[in-house]
Amino acid sequence: MEQTYALTAYIAYMQNTAPTIAFAAVAMYVIYYVLSLAVPQNNDGGVPYIPVYKTMRWMMKGAVGRYEVSQKLDKPYMGDAGIVKAWMFGGWAYKVSKVEYARRLFMQTDIFQKVEIRKLMPHNLGPRVTGSSFSFENGDTYRGHRAVVGPAFRRSWPTQLFKKPLLELMDVIEHESAAPLDVLLWLRRGTLDVLGHIIMSYNFNALSDPDNKERAMYDSLLEAMLHPLYNMFPWLDLFATGERAKQWEYLGHFHKFIDGVIDERLKMMDGKPALTDDQRNHADLLTLFLESYLQSKSGKVLDDRGKQVTPLTREQLRSNISLFYVAGYDTTANSLSYVMLELARFPAIQKKARDIAIEVLGDRKDVYPSDEQLKELGYMDLIVKETLRRNSILAEIRRRLGAPVQLGPYTLPKDAVVSVDTWAIHYNPDYFPEPDKFIPERFSEDVASPLKSSVPFTFTPFSNGSRQCVGMKFSLIEQRIAISLLLLRFEWTLPDDSPFWGSTPAAPAGLISPVGLKIITKPRF
Ligand code: HEM
């Protein structure tokens, strides 16, 4: 009887206290976890670090601007070390701002390897979009992808390829010019229509049909990929609900959509004779990519070391096409938005550029550059370069260490994630004198140009070395044409009360874009 009583008392005691014990255990674990985040292990020789709560606070601030983050958060912690570590992708990652460290990251590709982001964040939605595509592979797998994907980008880019969507963009901007233009919105739609056309002759109708389902899904997916909170704590995707759960569904739709286009094109191309040079000049990227894929199936494609390439799987074909969209869409739209912003802030440079466009193309509404005329519009490239120096779209160019690396007094451990901090370098007065000034001529080939930048590996909006952006030429040509047309068709300025006169609100990380930018556009004809 006594024993039964003791047992009942013990069970009652446990029932009352078990939740408390469990809660205490969880709380202790959380405290331990937070502390372990806050103080990184010193296994690198004492690289300075940014406390987690500070990074979190800045990430949660919304559109504060990358310049502010760089100057007020990164710079003070980095000091003279030229390196700092901060919490990202669920762990501590390094950022470097010394040109010597950056040079090694770009050139020593055997050690500074591309981050295979699917392995780093296995539960996260972002890496599923671009899957096993060549941007996230290393070694032989990368070489195989590159051999098949490369020819689609190593081609001429006739101006006619861009004509229809870019002229449509100008007409839409004219139509919208009664009120200040939501620059990012319309340039994103315009560049998506260019991309759809050039990648796989698909018309998203992003300019003419704002409700297009594919575009809306695709925009939402991109937003999901770059969400700072999910990139800081990737495991949150295990508990995706609401909008995030919907974005997981969009991923399935998007993959199915790309698969459908590939199937149809393969059916059309399989067994057909090889393309002529003229057909190749006017073909879309998908055609060139699949031509090369079909050749790899007959064992005709060799990588840069002369090794026969294993044909890509269907999933890899789809992943590479998805990558072209992800890599080429917002990057160019954001860059063009910043060009409009900088030329609004600096009307004398806008006028100089317009005079050049008029001299080359004539002062009429209905002009469009020929391939020959495009060569004479090189000043637009200087504007794009200076714009990208001041507003680098990819704030960080990231690698993972295949072996321990000595950088100055520090030894970074194998597997550490290291990135080049483009904003810190682009605003360093040792590399770019008077960095706050907007001076396109610093990128001129003329040695007498003022404040010329001449230190190698310091201007890297498109990265550097063998992993430099493959779409750079394509993007520069698209921007050269778009800027010339904008200058001919419009004059533009910032509203008097625009916050962009004094600062540049933008997302603090990920792809940098001028959030909320409005510009007054005045048609010239
Ligand atoms: C202003 C526009 C653009 C900017 C600023 C930009 C910037 C970059 C940067 C910084 C990289 C990273 C390379 C690295 O990790 O070292 C990259 C890679 C890449 N970009 Fe671009 N990009 C732009 C436009 C485009 C366009 C239009 C396309 C294609 C349609 C494109 C396709 C790619 C691809 C496929 C890669 C992966 C290359 C590799 O991993 O080897 N990009 N880009």
Side-chain angles (χ1 to χ4, degrees), residues 102-109 112-117 129-130 132-139 141-155 157 161-162 187-188 190-192 194-200 284-286 288-289 304 319-339 380-381 383-400 417-423 425-426 457 459-483 510-513:
R103 186 189 66 76
R104 288 185 56 193
L105 181 142
F106 290 128
M107 301 311 282
Q108 288 185 310
T109 49
F112 289 85
Q113 299 170 355
K114 275 285 186 129
V115 180
E116 293 172 18
I117 199 121
V129 181
T130 46
S132 165
S133 55
F134 87 116
S135 192
F136 301 102
E137 298 290 351
N138 291 293
T141 314
Y142 161 69
R143 282 193 195 89
H145 279 253
R146 175 93 189 190
V148 179
V149 171
F153 286 93
R154 281 193 304 275
R155 58 172 294 175
W157 296 101
L161 281 178
F162 304 84
L187 291 180
R188 278 189 178 158
T191 51
L192 182 58
V194 171
L195 214 55
H197 181 63
I198 290 203
I199 291 180
M200 53 192 200
D284 59 23
L285 284 177
L286 179 63
L288 300 180
F289 177 38
D304 59 352
S319 297
N320 279 294
I321 293 291
S322 307
L323 169 70
F324 300 163
Y325 276 112
V326 169
Y329 171 32
D330 269 10
T331 45
T332 303
N334 296 359
S335 173
L336 274 174
S337 303
Y338 279 119
V339 166
M380 310 309 157
D381 282 13
I383 290 177
V384 173
K385 286 180 180 169
E386 179 66 340
T387 299
L388 287 176
R389 180 190 66 78
R390 281 168 44 104
N391 309 276
S392 189
I393 311 295
L394 264 87
E396 292 175 30
I397 298 170
R398 216 162 263 127
R399 298 289 184 263
R400 187 165 198 157
V417 173
V418 188
S419 59
V420 167
D421 183 339
T422 54
W423 279 68
I425 296 182
H426 287 181
F457 300 102
F459 178 63
T460 59
F462 292 100
S463 184
N464 208 310
S466 62
R467 303 301 296 250
Q468 190 175 44
C469 173
V470 283
M472 179 173 80
K473 201 168 148 207
F474 163 40
S475 178
L476 286 175
I477 288 179
E478 177 182 352
Q479 293 190 70
R480 203 191 277 202
I481 302 171
I483 297 167
L511 278 192
I512 308 297
S513 62

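Numbering of ligands and ligand atoms starts at 1, following listing order.
Heavy-atom distances between Met472 and ligand 1 stay at or above 4.0 Å for every pair. At a 4.0 Å cut-off, at least one heavy atom of Gln479 sits close enough to ligand 1 to count as contact. For Arg398, the heavy-atom gap to ligand 1 stays at 4.0 angstrom or more. Residue contacts with ligand 1 leave out Tyr325, since none of its heavy atoms falls under 4.0 Å from the ligand.
Polar contact with ligand 1: absent for Gln468 (N/O pair, distance under 3.5 Å).
When hydrogens are left out, the protein atom nearest atom 24 (C) of ligand 1 is Thr331 OG1, 3.5 Å; that is the closest non-hydrogen contact. Lys114 NZ, 2.8 Å is the protein heavy atom nearest to atom 40 (O) of ligand 1. In this structure, the protein non-hydrogen atom closest to atom 34 (C) of ligand 1 is Val470 CG2, 3.6 Å. In this structure, atom 26 (C) of ligand 1 lies nearest to the protein heavy atom Gly328 CA, 3.4 Å. Considering only non-hydrogen protein atoms, atom 13 (C) of ligand 1 sits nearest to Arg467 O, 3.2 Å. What sits closest to atom 29 (C) of ligand 1 on the protein, heavy atoms only, is Phe153 CE2, 3.7 Å. Protein heavy atom closest to atom 12 (C) of ligand 1, with residue, atom name and distance, is Ser463 CB, 4.0 Å. In this structure, the protein non-hydrogen atom closest to atom 2 (C) of ligand 1 is Ser475 OG, 3.3 Å.
Only the side chain of Leu323 comes within 4.0 Å of ligand 1, judged by heavy-atom distances. For His145, no heavy-atom contact with ligand 1 is shorter than 4.0 Å. Residue-level proximity to ligand 1 for Phe136 is absent, since no heavy atom of it falls below 4.0 angstrom.
Looking at Tyr329, Phe462, Phe134, it is Phe462 that brings a heavy atom closest to atom 4 (C) of ligand 1. Considering only non-hydrogen atoms, atom 43 (N) of ligand 1 lies nearest to Cys469 out of Ser135, Ser419, Cys469. Scanning Ala327, Pro461, Gly465 for the heavy atom closest to atom 25 (C) of ligand 1 points to Ala327.
Contact of the Phe136 side chain with the Leu323 side chain is registered, since non-hydrogen atoms from C-beta on lie closer than 4.5 Å. Residues Arg146 and Ser466 are not in side-chain contact: their nearest non-hydrogen atoms beyond the backbone lie 4.5 Å or more apart. In this structure, Ile425 and Val420 have side chains that are in contact, with non-hydrogen atoms separated by less than 4.5 Å. In this structure, Arg400 and Lys114 have side chains that are not in contact, with every pair of non-hydrogen atoms separated by 4.5 Å or more.
Ring planes of Phe324 and Phe153: perpendicular class, angle over 60° (limits at 30 and 60°).
Here the shortest heavy-atom pairing between His197 and Leu161 reads CD2-O, 3.1 Å.
The Ser335 neighbourhood of ligand 1 comprises atoms 1 (C), with distances under 4.0 Å to a heavy atom of that residue. Counting the atoms of ligand 1 from 1 in the order shown, those under 4.0 Å from a heavy atom of Phe474 are 27 (C), 30 (C).
Looking only at distances, no side-chain donor or acceptor of Ser335 sits under 3.5 Å from a matching main-chain atom of Thr331. Not a single donor-acceptor pair under 3.5 Å links the side chain of Asp304 to the backbone N or O of Arg143. In this structure, Thr422 contributes its side chain and Leu394 its backbone to a donor-acceptor pair below 3.5 Å. Not one N or O on the side chain of Ser475 forms a donor-acceptor pair closer than 3.5 Å with the backbone of Met472. Arg389 places a side-chain N or O within 3.5 Å of a backbone atom of His426 that can act as its donor or acceptor partner.
Side-chain polar atoms of Thr332 and Gln479 form no donor-acceptor pair below 3.5 angstrom.
Looking at Leu187, Leu388, Ile512, Val384 one by one, the single match for side-chain contact (heavy atoms from CB on, under 4.5 Å) with Tyr338 turns out to be Ile512.
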